[in-house]
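All remarks here apply to the structure that follows.
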Amino acid sequence: MSAAWLARRLVQGAFAVLGVVVLVFALIRLVPGDVVTQLIGLEGNVSAAQQAEMRRLFGLDDPLPVQFGLWFADLVRGDLGTSLRTGREVFGDLMLRFPVTFELALLALLIALAIGVPLGVVAALRRGRAADLASSAFVLVGLAAPEFWLAILLILLFSLKLGVLPPNGYVPLSDGLWPNVRSMLLPALALSLSLAAALTRIVRSSMLEVLGLDYIRTARAKGTPERRVVYRHAMRNALIPVVTVVGLQVGNLLGGAVIVEQIFGLPGIGRYALEGINLRDYPVVQGAVLWIAVSYVLVNVLVDVAYGLIDRRVVYA
Amino acid sequence: MTTLPRVRAPQSPARRAVRLVLRSPGALVGLALVLLCVLMAVFAPLVAPYDPVAYNPVDRMQGPSLDHLLGTDLYGRDLFSRVVYGARISLSVSAISILLALAMGGVLGALAGFHLRWVDTLVMRLTDILLAFPAILLAIALLAFLGGGFWNLTLAIAVAYTAPFVRVVRASVLRARREMYVEASTAVGASDSRLLWRHVLPNASAPIIVEVTLRLAYAILAEAALSFLGLGTPPPAPAWGQMIADGRPFLETNPWVSVGPGLAIMLVVLGFNLLGDGLRDALDPRLRS
């Protein structure tokens, strides 16, 4: 991985972020009529003078390039505007909520890896046998079942029938690690299953491919113990595609988090966005969408860099 | 006199693919599930035993029985009938949105792959921006500002899934352009549009068909998620996602209200996934033996 490649990837990432900024700016201009008419629809009687004043406040009177310039200048200073409902700074709210979403996504990723990698390896080693078939069934269900439905099934089982985990509510980390993780476990599990299924599938096929390669035969011919062949020789190379899948699926993880947070009442960025949507709190929605998209771009840049570091064969032209 | 060896006419790629799909058990199951759902949607009035939106307070909140296969909801509406009619919403939203995405992505992808360098760069940078959003978030954002309803929902899902089609079509066109027959056609002076429609696109169709099938599964999941969040078709329309959301307060007393529609979603998505995987195996030349 050369410095030039790294620089180019970063520039590419920066362009994507800029594009996201422009698109999010454009979104609010999609509102039928305009934002002010929509908001007034909710509030009832507002005089024409007050409407004009509101338009001025939103900066809707300026030409579009000026509007964008002003918005962008605020953005660079970390000012995403204030909530129309609470009057609080959107940026501050996002900072408060980001750790919840981050923890949820991270926990889901860890669970998915803990399920997907061993299951994929076992399926490849026991190809065509019961364990392989069971893992295929898991893959099919995991990829087909919507996460919000899985979330509801998990609540039904673990909260209502068994009563071992809370069905909703969030316990902050400051109240202790275990209570916090306990409140996150079901949401993270619901969010992780489709990623776990995708990982199982890719690990299985990647492992099968690697096990058929010459260097594995060489290792066996030298009399290397089978355990060592599998875990040391085969797995290290078979797991490389996992990095790519994780990178591609982080978007699904972040998108899914929006829905899962809503179901379990977790005060993360996704729920913040949905609250904003229900109340037509446009700056809140803009800020939340921007935040998630930008973090997604950053994660993908990081994944590409990590990929270059892990697999020395990868040469980015 | 020597007899000439009998030569079988070469099979067309399409017939070969159909044969391969019909031979794979997974793809067959997928095809059956998809067909079942399509038939259910088309003949909903014949399949559903009750009116999907008629209130019937006497029968409210019943568990599954012979009268009501999946039980009834808070308003006494038959859940099985609602699931049957829900297939109409789910399939029409996802089919229209994927066709739209294919049309938009197809035009952009063909332009990018076929023509000038700067057009290619422009289209690909635009695609990067769309891909910078998790698809479901992009759809949520669009609906937040556009407002819900059938057509906005369809449009939002279409935009969210346009980028993958741009990529697939562009890649296919680029690959096909390097082929000898395209070069030959250029050499005899075929026009660009003839090249594109007559030679490049037909030969690029296999990966596009696979992409359409697999993306239909994504679109069904997206439609369900968006209506679960209340951003889809407004009630009392029996959208599957909405039905799952409606059942949440009654999980303890009558879980079927949420469980039933979820099963339907899972089976249809499973159908499209299996069919798509089967098609990919059958159409991918690299996997042909």
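Throughout, a chain's letter reflects where its sequence line sits, starting with A, and its residues are numbered from 1. A quick note: this is a predicted structure, and the numbers were derived from the prediction, not measured. Just the heavy atoms: all of them, side chains too, but no hydrogens, waters or symmetry mates, feed the values below.
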(request) Would you give the length of the straight line joining atom CD1 of B:Ile129 to atom CG of A:Leu18, rounded to the nearest 0.5 angstrom? (result) 7.5 Å
(message) Apply side chain to side chain contact (heavy atoms under 4.5 Å, CB included) to residues B:Leu138 and A:Leu23 and explain how you reach the verdict.
(response) CA-CA 10 Å; B:Leu138 185 56; A:Leu23 199 69; 4.2 Å; yes
(message) Do A:Val258 and B:Ile136 have side chains that approach each other closer than 4.5 Å (heavy atoms only, starting at C-beta)?
(response) no
(request) Counting only heavy atoms closer than 4.5 Å, note whether A:Leu140 contacts chain B via side chain, backbone, both or neither. (result) both
(message) My understanding is that only one of A:Val289, A:Ile292, A:Val297 makes a side chain to side chain contact (heavy atoms under 4.5 Å, CB included) with B:Phe133; could you say which?
(response) A:Val289
(request) Measure B:Ala224 against the heavy atoms of chain A and call it side chain, backbone, both or neither at under 4.5 Å. (result) both
(request) Using a cut-off of under 4.5 Å on heavy-atom pairs, state which of A:Leu160, A:Val24, A:Val22, A:Leu253 scores highest against chain B. (result) A:Leu160
(request) Kindly check if the number of other-residue, nucleotide or ligand heavy atoms within 6.0 Å of OH (B:Tyr85) is above 12? (result) yes
(message) Return the CD to CG distance between B:Glu252 and A:Leu156, rounded to the nearest 0.5 Å.
(response) 9.0 Å
(message) So, taking the atom named CZ in B:Phe228 and the one named CD1 in A:Ile152, what distance separates them when rounded to the nearest 0.5 Å?
(response) 4.5 Å
(message) Looking at A:Phe102, I want to see if its CZ is surrounded by more than 12 non-hydrogen atoms of other residues, nucleotides or ligands under 6.0 Å.
(response) no
(message) Would the distance check show the side chain of A:Trp149 and the main-chain N or O of B:Pro261 forming a donor-acceptor pair, the cut-off being under 3.5 Å?
(response) no
(message) So, taking the atom named CD1 in B:Ile265 and the one named CZ in A:Phe148, what distance separates them when rounded to the nearest 0.5 Å?
(response) 4.5 Å
(request) Write down the atom of B:Met266, the atom of A:Ala144, and the distance for their closest heavy-atom approach. (result) O-CB, 3.5 Å
(request) Can you tell which part of B:Leu229 gets under 4.5 Å to a heavy atom of chain A, answering side chain, backbone, both or neither? (result) side chain
(request) Please look at A:Leu150 and chain B and tell me whether the side chain, the backbone, both or neither of the residue comes under 4.5 angstrom of a heavy atom of that chain. (result) neither
(request) Please report the shortest heavy-atom distance between A:Leu254 and B:Pro134, naming the atom on each side. (result) CB-CG, 4.4 Å
(request) Pick one of side chain, backbone, both or neither for B:Leu231, based on which atoms fall under 4.5 Å of a heavy atom in chain A. (result) side chain
(request) Tell me, for B:Leu263 versus chain A, whether the close heavy atoms (under 4.5 Å) come from the side chain, the backbone, both or neither. (result) both
(message) Between A:Leu143 and B:Val269, is there a side-chain heavy-atom distance shorter than 4.5 Å?
(response) no
(request) For B:Trp256, look at atom CH2 and say whether over 12 heavy atoms of other residues, nucleotides or ligands are found less than 6.0 Å away. (result) no
(request) Go through the atoms of A:Glu147 and report whether side chain, backbone, both or neither lie under 4.5 Å from a heavy atom of chain B. (result) neither
(message) Would you say that more than 12 heavy atoms from the other residues, nucleotides or ligands in this model lie under 6.0 Å from the CZ of A:Arg97, or not?
(response) yes
(message) A side-chain contact here means heavy atoms from C-beta on lying under 4.5 Å apart; do A:Ile277 and B:Phe145 qualify?
(response) no
(message) Which atoms of B:Leu143 are under 4.5 Å from chain A, going by heavy atoms: the side chain, the backbone, both sets, or neither?
(response) neither
(message) Just verifying a value: how many Å separate B:Arg125 CZ and A:Phe15 CZ, rounded to the nearest 0.5 Å?
(response) 8.5 Å
(message) Can you tell me how far apart CG (B:Leu146) and CG (A:Leu27) are? Round to the nearest 0.5 Å.
(response) 8.5 Å
